[in-house]
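What follows is one structure encoded as structure tokens, with my remarks underneath.
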Amino acid sequence: MRSRLLDLLDVQHPIFLAPLGGGPSTPELASTIGNSGGLGALAAAYLTPDQLIYDVQSARKRTDAPLNVNLFAGGYHASTQDDPRPMLGLLEASHREVGLPEPNLPVVPPDPFDQQFEALLSAKPRVFSFTFGIPLASAIQRAQKRGILVFGTATTVREGQLLASAGVDAIVAQGAEAGGQRGTFDVSFEEGLVPLRALVAGLANAVALPVIASGGIMNGREIAEMLRLGASAVQLGTVFLCTPEAGTSAPYRKALLDAEEDRTRITYAFTGRGARGIENAFMRQMAAHRDAILPFPMQNLLTRDLRKAATQQGKPEYLSLWAGTGVAQIRAEPAAQIMRRLVDEMQEALGGPGRI
Ligand SMILES: Cc1cc2nc3c(=O)[nH]c(=O)nc-3n(C[C@H](O)[C@H](O)[C@H](O)COP(=O)(O)O)c2cc1C
């Protein structure tokens, strides 16, 4: 399979690993996807600069294939005028359930983006991708001058146009079906819930850049459909969450494998941003208290102890179980095996390898 984007990247298949922040992202998973002919990714938004460099080096020990390193570029509320007391009150009962003391108001550290970005530049992966906003044009240019390709995340056609004006090299189209936190930055999260097929077709029409389709894609037939709609590649997250190479916790894996049909919903409860995950008790409880939910990253910091304790105790009802709408198709298989199956299914659906 060849295309302008794949030629630029020197990658064989148009199948990219999504950056999977908060635990599932590992150098092992990224390098396995690279060694299987796809583009591997490291989620670095929750990493310190030193951890970012360490993870890139760990991946490089396992593969020479190109690598995508992902950061959060925006949406960071270092301070908030919102009253935290209603949320602290609501969290008390959940804390009691897992044997934690009363929740305290955390101190929000400064936005880590600038320091992470310096580490990324020194690690020099083939791709810098970002979500939640757009970095300064000077940062995009600095990356490109170092030979790093820059991918931005759009959830609407207009966001794609803004990214194109900012000078990115490709656009990740994150459809409403996508698991995890949403990249929406120009409209409300509700308005940013555009179904993937409409988003890819709209972006392919409106923007003269490669489009990478992301959200709910679980098999090669769906990959072929995206390529036919005008995408140059796809970016998959959920399909790889139960691989042995992923860092997904045991209760999270179990909930993913148990999920039938589409049990995913959009929630703001865990991080303060709109995100898709398997519905659980915490999501249901917080849905009635939308006004009490604090912005990112305060809400994320506030629910961290709860999620950590719930992971240790195997209680999925208090975990952020990020997953896309295709979660019922998930399988616990090695990543290389999944890649082989996706490539075979895609080529069969496309009628053989070729140029897209
Ligand atoms: C557990 C998890 C963590 C994620 N973390 C990130 C992240 O750190 N940065 C990012 O740009 N996207 C992140 N995403 C979103 C993915 O990039 C992608 O949009 C999504 O996985 C695609 O939908 P799918 O999971 O149905 O394949 C995450 C998704 C999941 C499921």
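Starting from 1, each residue takes its place in the sequence as its number. Ligands are counted one by one from 1 in listed order, and the atoms in each one are counted from 1 as well.
Shortest non-hydrogen contact noted between Y268 and I293 is O-CG2, 3.4 Å. In plain terms, the two heavy atoms of R307 and S320 that are nearest each other are CD-OG, 3.7 Å.
Within the listing of ligand 1, atoms 17 (O) sit less than 4.0 angstrom from a heavy atom of Q235. Atoms of ligand 1 lying under 4.0 Å from at least one heavy atom of Y252, given by number and element, are 1 (C). Here is the list of ligand 1 atoms found below 4.0 Å of a heavy atom in T131: 9 (N), 10 (C), 11 (O). Counting atoms of ligand 1 from 1 in the listed order, those under 4.0 Å from a heavy atom of Q174 are 15 (C), 19 (O). Of all atoms in ligand 1, numbered sequentially from 1 with element shown, those under 4.0 Å from a heavy atom of A18 are 16 (C), 17 (O), 18 (C), 21 (O).
Inclusion of N70 in the set of residues having an N or O under 3.5 Å from an N or O of ligand 1 is warranted. Not one N or O of A178 is nearer than 3.5 Å to an N or O of ligand 1, by distance alone. At under 3.5 Å, a nitrogen or oxygen of G237, whether backbone or side chain, sits near a nitrogen or oxygen of ligand 1.
Under a 4.0 Å heavy-atom criterion, G216 is in contact with ligand 1. In this structure, P19 counts as a contact residue of ligand 1, since one of its heavy atoms falls inside 4.0 Å of the ligand. At a 4.0 Å cut-off, at least one heavy atom of S214 sits close enough to ligand 1 to count as contact.
Contacts with ligand 1 closer than 4.0 Å are made by side-chain heavy atoms of F72 only, the backbone lying farther away. Residue contacts with ligand 1 for T238 involve both N, CA, C or O and side-chain atoms from C-beta outward (heavy atoms, distance under 4.0 Å). Neither the backbone nor the side chain of F240 comes within contact range of ligand 1; no heavy atom lies under 4.0 Å.
Looking only at atom types and distance, the side chain of N70 has a donor-acceptor partner in the side chain of S129 under 3.5 Å away.
Between F128 and F151, every side-chain heavy-atom pair lies at or beyond the 4.5 Å cut-off. Between F130 and V168, the closest side-chain pair of non-hydrogen atoms falls below 4.5 Å. Annotation: side chain of M298 is in contact with side chain of L105 (closest heavy-atom distance under 4.5 Å). Two residues are said to be in side-chain contact when any heavy atoms from C-beta on lie closer than 4.5 Å; R4 and S232 fail this criterion. T303 places a side-chain heavy atom less than 4.5 Å from the side chain of F282. Inter-residue side-chain proximity for M87 and L91 is flagged as met; some heavy-atom pair is nearer than 4.5 Å.
Atom 2 (C) of ligand 1 has its closest protein heavy atom at L20 CD2, 3.6 Å. Nearest protein heavy-atom neighbour of atom 3 (C) of ligand 1: G21 N, 3.4 Å.
Applying the side chain to side chain donor-acceptor pair (under 3.5 Å) definition to pairs two or more places apart or across chains, those involving residues 161-180 are Q144-D169. Residues in residues 32-42 take part in these side chain to side chain donor-acceptor pair (under 3.5 Å) pairs, two or more places apart or across chains: N35-T63.
Among A73, G179, A246, the residue whose heavy atom sits closest to atom 20 (C) of ligand 1 is G179.
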